[in-house]
Amino acid sequence: MRSVIQMNWQLPLLLLAFFCLGCKPNYLELPAISETKHWQAVIETPSGSTLPQVYNAQEKKFVPELEAGQPRKLEFLPYPGNEGFVPSTLVDSVTGRPAAPLPVLVLCNQKEPGTVLEIVPVGVLILETGGELRHIVISVPAKPSEQTISPNSYSDFSARYPAVKSILEQWYLNVNARQPTRLSAWKDEAFADQLIQKWVK
């Protein structure tokens with residue numbers, strides 16, 4: 001009798017555990033701001049990778065970015081930081097492409113796709129490709145223990161890490177020879193905050 005009772009309550013738990021194995025969060029719908037009032041970033045492509053990845057919301061998984069139907073591989077140096085997006089943001093496209101989350105680059109050690117980090121924006125890199133502007137929020141982790149550099153503002157970033165700033169410029173300007181890109185501007189952390197707020201859904 002005892003074993004029957006145990007089975008009666010164990011079976012629903014086993015079924016719940018089985019179904020939850022397939023439960024995955026929709027990273028696009030995570031909050032843009034954390035409980036500690038920091039912006040959040042979802043990592044898609046780890047630093048040091050030459051294989052860009054994107055988040056597929058329908059399949060709820062991270063998949064290779066495609067180019068001509070094949071997984072894209074950089075014909076250039078690997079990513080200088082962890083690239084991803086700010087969740088719960090959606091940026092309109094002026095050229096008719098589908099709206100997409102606001103891109104972010106997190107400067108720190110390599111993070112796996114799907115890592116969610118609290119971040120501190122230190123600036124915005126604005127690029128122009130094919131007549132369209134692309135804004136990339138440049139950031140560092142909010143936790144000091146995860147930082148490899150520690151700028152607290154755009155002016156501090158520019159003053160203490162000018163070589164990092166130059167490397168990021170040159171990397172984004174030259175990473176895809178098939179898409180000529182020019183530098184439009186750099187903006188500060190206040191602009192970054194306003195930009196994120198503008199595109200939060």
Side-chain angles (χ1 to χ4, degrees), residues 16-17 19-66 71-72 74 78-93 98-125 134-154 157 161 164 168 171-172 175 187-201:
L16 181 63
F19 284 113
C20 280
L21 287 174
C23 296
K24 297 179 182 177
N26 185 339
Y27 286 94
L28 295 179
E29 296 178 353
L30 294 178
I33 196 165
S34 70
E35 293 181 358
T36 57
K37 306 305 180 187
H38 287 100
W39 295 119
Q40 298 202 110
V42 175
I43 303 306
E44 293 176 298
T45 304
S47 64
S49 176
T50 57
L51 302 172
Q53 296 196 57
V54 294
Y55 179 62
N56 185 314
Q58 289 185 334
E59 298 183 13
K60 293 187 178 180
K61 66 180 183 180
F62 296 85
V63 298
E65 181 182 316
L66 299 181
R72 182 181 168 214
L74 300 187
Y79 276 81
N82 301 279
E83 195 173 74
F85 59 87
V86 179
S88 287
T89 60
L90 206 57
V91 180
D92 294 334
S93 170
L102 182 64
V104 63
L105 187 76
V106 187
L107 302 175
C108 64
N109 288 327
Q110 186 180 82
K111 301 295 182 182
E112 291 300 310
T115 301
V116 181
L117 284 175
E118 293 181 323
I119 59 168
V120 176
V122 295
V124 178
L125 175 60
R134 182 182 182 212
H135 297 75
I136 302 167
V137 176
I138 306 300
S139 66
V140 296
K143 291 182 180 178
S145 62
E146 294 185 318
Q147 295 176 354
T148 54
I149 61 173
S150 54
N152 53 41
S153 66
Y154 176 70
F157 178 53
Y161 305 102
V164 175
L168 295 180
W171 191 85
Y172 276 103
V175 66
K187 296 291 185 179
D188 64 12
E189 71 280 4
F191 182 90
D193 286 339
Q194 293 169 1
L195 186 70
I196 298 171
Q197 291 169 3
K198 175 182 178 180
W199 296 118
V200 168
K201 293 186 290 182

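These numbers come from a predicted model, not from an experiment.
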- Message: Between Ile43 and Phe85, does the side-chain contact (heavy atoms from CB on, under 4.5 Å) criterion hold? Intermediate values first, please.
- Response: CA-CA 7 Å; Ile43 303 306; Phe85 59 87; over 6 Å; no
- Message: Suppose the criterion is salt bridge (charged side-chain N to carboxylate O under 4.0 Å, His left out): which pairs have a residue in residues 136-149, not counting sequence neighbours?
- Response: Lys111-Glu146
- Could you tell me whether the side chains of Glu118 and Thr36 share a donor-acceptor contact shorter than 3.5 Å? yes
- Item | Residue pair Gln40 / Ser34, side-chain donor-acceptor N/O under 3.5 Å | no
- Task: Could you tell me which residues satisfy side-chain contact (heavy atoms from CB on, under 4.5 Å) with Ser150, sequence neighbours excluded, listed by chain and number?
- Result: Gln147, Arg160, Tyr161
- Query: In chain order, what residues pass the side-chain contact (heavy atoms from CB on, under 4.5 Å) check against Pro113, with sequence neighbours excluded?
  - Reply: Pro46, Gln53, Phe62
- Item | Pairwise side-chain contact, Pro101 with Val91, heavy-atom cut-off 4.5 Å (strictly under) | no
- Task: Would you mind reporting whether Arg134 and Pro103 have side-chain heavy atoms less than 4.5 Å apart?
- Result: yes
Nearest atoms (heavy-atom pairs only) where [X] meets [Y]:
| X | Y | value |
| --- | --- | --- |
| Lys187 | Tyr154 | O-CD1, 3.7 Å |
| Val140 | Val122 | CG2-CG1, 4.5 Å |
| Pro121 | Ser139 | CA-CB, 3.9 Å |

- Walk me through it: do Trp39 and Asp193 pass the test side-chain hydrogen bond (donor to acceptor under 3.5 Å, both in side chains)? CA-CA 9 Å; Trp39 295 119; Asp193 286 339; 2.9 Å; yes
